[in-house]
Student: 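Mind looking over this structure? Questions follow.
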Amino acid sequence: MTSILRGNYPRYGVSLDLPAAMRKFAKRWHLAFVTIYCSRAITTFAKKTKKLSPRKSPSYTSIPIHDLSDHPSSFNIDQSQLTKLVKDKDLGHLQEFGGVQKVISALETDVSTGISGDPDDVSRRQNAFGINSYKKPPAKGFFHFVVEAFKDLTIMILLVCAGLSLGFGIKEDGVKEGCSSYSRKTLLKNSTWSQVNRKENPFLFSGTKIADGFARMLVTSVGMSTTWGEMMSSISRDNSEQTPLQARLNKLTSSIGKVGLAVAFLVLVVLLIRYFTGNTQDENGNREFIAGQTTGNDIMNSVVGIIAAAVTIVVVAIPEGLPLAVTLTLAYSMKRMMADQAMVRKLSACETMGSATTICTDKTGTLTMNQMKVTKFWVGQDSVAENTFSSVSRSSLGSEYEFSGSPTEKAILSWAVLQLSMDMEETKKSCEVIQVEAFNSQKKRSGVLIRKSLDNTLHVHWKGAAEMVLAKCSSFYDGSGTVKDLDDDERARFEQIIQEDGKKIEEDGLTLLGLVGIKDPCRPGVKSAIQACQDAGVNIKMITGDNIFTAKAIAAECGILRPGDGAFSGAIVEGAEFRSYTPEERLRRVEKIRVMARSSPFDKLLMVQCLKQKGHVVAVTGDGTNDAPALKEADIGLSMGIQGTEVAKESSDIVILDDNFASVATVLQWGRCVYNNIQKFIQFQLTVNVAALVINFVAAVSSGDVPLTAVQLLWVNLIMDTLGALALATERPTRELMEKPPVGRTEPLITNVMWRNIVAQATYQMAVLLTLQFKGESIFGVDEAVKRTLIFNAFVLCQVFNEFNARKLEKRNVFKGIHKNKLFLGIIFVTVVLQVVMVEFLKRFADTERLSWGQWGACVWIAAASWPIGWVVKCIPVPDTPIFSYLGLKSKKLAYRIPY
């Protein structure tokens, strides 16, 4: 209406100055005037807007009216008000509403008995306020994972090959034999302590841990309306971000698949050209193709055989055993890590930890023991144990004391009882507590007013941060117990002006009793664990809510800070300062920061995001509900098993069961072991694939035939992929792993050392087996079938011996510690036994012939030569920089490594 009257319409002014007796009629005239005026204004407005808006509007306004007697919102307060009230800890609005008692009345509950529990009442409350659960992502069914698997290029290629194999089998041998052949060939494919009271801080969040005391709690929100529900919903979202290793493996398999397809296509083209130009012969030495004479059926059969050979090459090229090897390695390591106080919740976290470049850790409970202890006391023998909200008790006479309360109070009490031998029961009886002022995070102190039973005098005691208490003192006790002024002038003796009703505890003009130095000592072994991480090239950053002086002292004691590190060097920063930086400035300074003091959970999240933008692989420790976003954002979230909340554990990838940073260092070592074991298998697998690919390619191009049949190659894949992966996955962590720099996100999965080993072993195998392919019959005096068996047997045994070489990527002594790995030796034994069975007893299935003792010895000798070759090759220096990055560069910096 106001906007209409402000429009460009005629205006009328009327003065109705009537006698007092006529005023009631004036009101009616005024109402009539307003009605007529508004009607004309609306009519004029409708005429002007009719052309612009042809739609017709109803002559009425619909206003929904709910029956409050049946509607779920019949309570005098709604959920949004309750949620905002508690979330913001808005004491002012709570008091305006009428306090806690008014909320109890609005929720129609009873302070003693709670709600009635009547089903209708419970249903009404659930409709109004929701149920106590959070939204979970829908469960993924089996077919979801099937569809995801089919998106993999490797799987698609193998499925195409399987389909072609089935078709060729049916074409050549009929439906029954063809399907049987197909089935054989596809057999293996930050927590904070705070005082809660009704007057000043009556708010509790779900997930809060009660340290001490008792109270009645009024539940105002459940499920998604709570901070816990919002947090659980956010951390339950599916994170499709790939780990560094997954990205590398996808890139590797994609590249190998493309190479395999290219080679297979080349073989197909060459074989087809050889066939149609008459350069191929059948078993009787006759040309297979003669223009105008060869039947269409013979041509089709020959082309099908050529395509089958090309498909076999593709199958050989693809390392289909790699996913199995990775899964076996991760599963084995996860089981072993449990014994080292680390419970893995997300399997991929094992290998991601091996790439970690930065660890952001809490202080309390992780670096320290979370057990405050009094280390120093300056003057003053008066008891401070009276000023406490904690308690000391013994379950029975002669048993140990039990201390409860805040960490600071427990430290002072334990010191008083155990070091000063104070009788706490007598101390409590000697005084009466009149007034207690809870700890205030702004004042950073707490106080108590007591009455001494001996002389009926009133005493005030304050304790808190040393600088805060000292600022309120005007005198102090010296070593002899004499009170003196804090300055040189004689001051009046401290006078207590506190009334018995205790309206307010005096805060000024206090007498300093003494200073107590309290320290949360570092955990045993933390310094050496941090040193081990730093030696491994991993940056350790401490993020704490403590003040900058405490943070600096603990960081220096743990070895995080070194001499010369300080605020001026950028190594120490407070959360507020870090938050105030511009995004560009944060990215520039974040790597230099070693300690962040007075930080909030948001500061921790901000640091994680900055480090990831800089290319770091970040691990974060956390124990509080507010740490959940940082734990979720990090590449590896490490929650604490003892102090950690359920929300923190749900957000994490690994749970540190003993809350000790030394276990974090152990997890780092296991992560590197997992990564190293996967690299070992990749080196082993690629040696097999490269050798088999080149051998079949050369033989197919030169003679039109392949020496290793599809069944034999798949048998190699079976024993090499499954058993080989299991053998190399069981290697335990070694000290040498913590002497290398982290791989991070950009380092290649296949290092120069691995390329050196792959090329050397594959070249040897290709040379020997191709020699057998072209000269084997004359060297051993055997027929074609036995020669093929010799090639197959020598090839498999070469992989068995090369499995020993793969145990150590850089070390020349490949047998070091092998006696400790019983599983590796057992797998080697089983592999050899299976190969003997394959050659000697499964002739029809594997297309082999039985070999003599001399022929077995020759195969073993050929395979055993890979040991000395591997020893010599590891003496060859390799460049530190990835070899492919040298394309186009002139200079190369060599790092000569001959480790023992």
Side-chain angles (χ1 to χ4, degrees), residues 157 160-174 177-178 181-182 185 256-318 689-714 762-763 765-779 782-792 795 847:
I157 294 173
V160 171
C161 293
L164 291 174
S165 178
L166 174 62
F168 298 155
I170 295 175
K171 174 67 176 62
E172 294 180 359
D173 306 315
E177 291 296 325
S181 173
Y182 167 74
K185 293 181 182 179
I256 293 176
K258 293 175 182 177
V259 171
L261 286 174
V263 172
F265 179 75
L266 183 61
V267 168
L268 179 64
V269 172
V270 171
L271 291 182
L272 287 176
I273 293 174
R274 284 176 54 86
Y275 174 76
F276 286 108
T277 55
N279 292 322
T280 57
Q281 298 178 344
D282 58 17
E283 297 176 354
N284 300 320
N286 300 321
R287 290 173 60 185
E288 288 186 318
F289 177 80
I290 301 175
Q293 298 183 14
T294 306
T295 63
N297 188 51
D298 290 339
I299 294 175
M300 179 61 67
N301 289 335
S302 298
V303 171
V304 166
I306 292 172
I307 296 176
V311 168
T312 301
I313 290 177
V314 175
V315 174
V316 170
I318 296 176
N689 288 16
V690 169
L693 182 65
V694 173
I695 291 168
N696 273 12
F697 172 73
V698 173
V701 171
S702 60
S703 63
D705 193 12
V706 290
L708 298 174
T709 65
V711 173
Q712 291 173 349
L713 287 172
L714 291 175
T763 301
Q765 293 179 20
M766 289 185 294
V768 172
L769 297 180
L770 287 176
T771 301
L772 291 178
Q773 168 69 12
F774 296 108
K775 300 293 182 180
E777 295 181 30
S778 59
I779 293 175
V782 295
D783 58 15
E784 178 70 17
V786 175
K787 182 200 73 173
R788 286 176 173 272
T789 304
L790 284 171
I791 294 174
F792 169 60
F795 181 68
D847 296 329

Student: Do F697 and L266 have side chains that get closer than 4.5 Å, going by heavy atoms?
Tutor: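 A side-chain contact under 4.5 Å exists here.
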
Student: Find out whether T771 and I779 are in side-chain contact, i.e. whether some heavy atom of one side chain is under 4.5 Å from a heavy atom of the other.
Tutor: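 Side chain of T771 against side chain of I779, heavy atoms only: contact under 4.5 Å found.
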
Student: Knowing that exactly one of I791, V698, V768 qualifies, which makes a side-chain contact (heavy atoms from CB on, under 4.5 Å) with Q773?
Tutor: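 The residue from I791, V698, V768 that satisfies side-chain contact (heavy atoms from CB on, under 4.5 Å) with Q773 turns out to be I791.
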
Student: Indicate yes or no: at least one non-hydrogen side-chain atom of F276 is less than 4.5 angstrom from one of T294.
Tutor: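 With C-beta onward as the side chain, the pair stays apart.
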
Student: In chain order, what residues pass the side chain to side chain contact (heavy atoms under 4.5 Å, CB included) check against V269, with sequence neighbours excluded?
Tutor: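 Residues passing side chain to side chain contact (heavy atoms under 4.5 Å, CB included) with V269: F265, I273.
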
Student: Once rounded to the nearest 0.5 Å, what's the spacing between atom OG1 of T789 and atom CD of E784?
Tutor: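 So the gap between those two atoms works out to 10.0 Å.
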
Student: If you take all heavy atoms of P707 and R788, which pair is closest and at what distance?
Tutor: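 Closest pair (atom of P707, atom of R788, distance): O-NH1, 3.4 Å.
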
Student: Taking only residues two or more places apart in sequence or in another chain, which ones pass side chain to side chain contact (heavy atoms under 4.5 Å, CB included) with T295?
Tutor: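 Only N297, D298 meet the side chain to side chain contact (heavy atoms under 4.5 Å, CB included) criterion with T295.
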
Student: What distance separates N696 CG from L770 CG, expressed to the nearest 0.5 Å?
Tutor: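 Here the interatomic distance stands at 9.5 Å.
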
Student: For E777, which residues count as a salt bridge (Lys or Arg N to Asp or Glu O under 4.0 Å) partner, sequence neighbours excluded?
Tutor: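 Testing E777 for salt bridge (Lys or Arg N to Asp or Glu O under 4.0 Å), a comparison that skips the adjacent residues, returns K787.
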
Student: Can you run down the ring pair (Phe, Tyr, Trp, His ring centres under 6.0 Å) pairs that involve residues 297-317, sequence neighbours left out, and say none if there aren't any?
Tutor: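 Passing the test, one end in residues 297-317: no pairs.
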
Student: Holding to side chain to side chain contact (heavy atoms under 4.5 Å, CB included), I want the full list of residues that pass it with I306, two or more places apart in sequence or in another chain.
Tutor: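 For I306 the side chain to side chain contact (heavy atoms under 4.5 Å, CB included) partners, ignoring immediate neighbours, are L268, L271, L272, Y275.
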
Student: Locate the shortest heavy-atom distance separating M766 from V690; write the atom from each residue and the value.
Tutor: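 Taking every non-hydrogen atom into account, SD-O, 4.3 Å.
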
Student: What pairs with V786 under side chain to side chain contact (heavy atoms under 4.5 Å, CB included), at least two apart in sequence or on another chain?
Tutor: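 V786 satisfies side chain to side chain contact (heavy atoms under 4.5 Å, CB included) with V782, D783, L790, E849, L851, Q855 once adjacent residues are dropped.
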
